[in-house]
Amino acid sequence: MILLLLAAAFYGAAAWLRHRSARTGAPAWPSTVLFEMALLLHALSIWRAVVTPEGFDLSFLHALSLVAWLTALVAGLSGVLAKLPAVGNVILPVAAVCALAPLAGGSPHLFPYAGDSLATAHIAVALLAYALFAVAALQALLLTGLEKRLHRGLAPMEAEGSVPLLTLERFLFRLVALGFVLLTVTLASGLLFSEQLFGKPVTFTHKNLFSVLGWLAFAVLLFGRWRYGWRGRRALYWIVGGTTLLVLGYLGSKFVAEILLGR
């Protein structure tokens, strides 16, 4: 409990310092240190809660906290927080709230891994893909806002105007492409090796349906980008739509099954 409270407090303090630094020009390193401490404490709390002798406890609240941590980690390691500081104004407060989510309790949802490294890798790759798409969706929303400001003849805010828009856009599609590769690996491994991974054949579920639809959305986006040069609002719609489908497929299905239906 103490780790979760400290992680949330550090996320919040980092977000406040980043906002203050952007407005006043104060040094940014204190917020970076707090952000890194928050990530470390959050990771320790997730490890203690999720990894149990009986298997991984991937209940809805733990999964929510884990995806939020991965999203913050990806945003930091990829350089999105440095290139687009406004993304941190969303990710850090959300990570603070999600870090506290396990305190609400809930029933455990154990996935017995029994030392199966393939199953562990499958889950890790899937969650990393979701985090990449979440960061890409936030970046796409912000880039659309910056583009609107330019079209209206308004200068971008100083922090967001330090990197050319086209450079940020290319970086965005690299994130999407990497997430798409990881999602493809996830779906292919789940389809081909379901019995080895989970002890049962592939079944038609809402989670699988939304995951496939999300994959198709990103496949269309990447094809449109390659063939027709899609960008701007059109790309935004596909990125946000695909990410929403994936969130509904994983966290949404968990919320309905565990919170609403109590399974």
Neighbour count >12 (heavy atoms, 6.0 Å) for atom CD1, I2
no
Could you state whether L138 and W69 fall into the same hydrophobic cluster, counting links through intermediate Ile, Leu, Val, Met, Phe, Trp or Tyr residues with side-chain heavy atoms under 4.5 angstrom apart?
yes
Would you kindly confirm whether L70 and V125 end up in one hydrophobic cluster when ILVMFWY residues are joined by side chain heavy atoms under 4.5 Å apart?
yes
Given the rule that I, L, V, M, F, W and Y join up when any side-chain heavy atoms are under 4.5 Å apart, are L6 and V33 in one cluster?
yes
Any donor-acceptor N/O pair, R18 side chain to A86 backbone, under 3.5 Å
no
Could you tell me whether the side chain of V51 reaches within less than 4.5 Å of the side chain of F56, counting heavy atoms only?
yes
Are the side chain of Q139 and the backbone of L168 linked by a donor-acceptor contact shorter than 3.5 Å?
yes
For L64 and A101, which heavy atoms make the closest approach, and how far apart are they?
CD2-CB, 4.1 Å
Compare all side-chain heavy atoms of L245 with those of V212 and state whether any distance is below 4.5 angstrom.
no
Using a 3.5 Å distance criterion without hydrogens, assess whether the side chain of W215 forms a donor-acceptor pair with backbone atoms of F180.
no
Run the numbers on L100 and L103 for side-chain contact (heavy atoms from CB on, under 4.5 Å), then give the verdict.
CA-CA 6 Å; L100 298 174; L103 296 179; 3.8 Å; yes
Do the side chains of I123 and L58 get nearer than 4.5 Å, heavy atoms only?
yes
Is it the case that one hydrophobic cluster holds both I46 and L44, taking links as side-chain heavy atoms less than 4.5 Å apart, direct or via other members?
no
Using a strict threshold of under 4.0 Å (side-chain N to carboxylate O), is an ion pair present between E169 and R225?
yes
What pair of heavy atoms forms the shortest contact from C98 to A68, and how long is it?
CB-CB, 3.4 Å
Close side-chain approach of I239 to L172, heavy-atom, < 4.5 Å:
yes
Heavy-atom check, side chain of Y11 versus side chain of F35, under 4.5 Å
yes
In the single-linkage hydrophobic clustering (I, L, V, M, F, W, Y; side-chain heavy atoms under 4.5 Å), do M37 and V94 co-cluster?
no
Step by step, work out the side-chain contact (heavy atoms from CB on, under 4.5 Å) result for T243 and Y130.
CA-CA 8 Å; T243 302; Y130 297 153; over 6 Å; no
Closest non-hydrogen atom pair between A72 and A95, with its separation
CB-CB, 4.5 Å
Between S65 and H62 (side chain of the first, backbone of the second, donor and acceptor by atom type, cut-off under 3.5 Å), is there such a pair?
no
Is there a donor-acceptor contact under 3.5 Å linking the side chains of H206 and S253?
no
In the structure I gave you, are the side-chain heavy atoms of L143 and L84 within less than 4.5 Å of one another anywhere?
yes
Verify side-chain contact (heavy atoms from CB on, under 4.5 Å) between S78 and F171, making sure each step is shown before the conclusion.
CA-CA 9 Å; S78 66; F171 181 75; 3.9 Å; yes
How far does CG of L128 sit from OG1 of T186, to the nearest 0.5 angstrom?
9.0 Å
With side-chain contact (heavy atoms from CB on, under 4.5 Å) as the test, would you mind laying out the steps for L222 and R227 before giving the verdict?
CA-CA 8 Å; L222 290 173; R227 184 68 179 82; over 6 Å; no
When the aromatic ring centroids of W230 and F223 are compared, is their separation below 6.0 Å?
no
On a heavy-atom basis, which atom in L246 and which in G214 lie closest, and how many Å separate them?
CD2-CA, 4.2 Å
Are the side chain of S21 and the backbone of L17 linked by a donor-acceptor contact shorter than 3.5 Å?
no
Tell me whether the centres of the aromatic rings in F210 and Y250 are closer together than 6.0 Å.
no
Do K207 and L251 come close enough that some side-chain heavy atom pair is under 4.5 Å?
no
Can you confirm if the aromatic rings of F10 and H42 lie within a centre distance of less than 6.0 Å?
no
Does any non-hydrogen side-chain atom of L183 lie less than 4.5 Å from one of F133?
yes
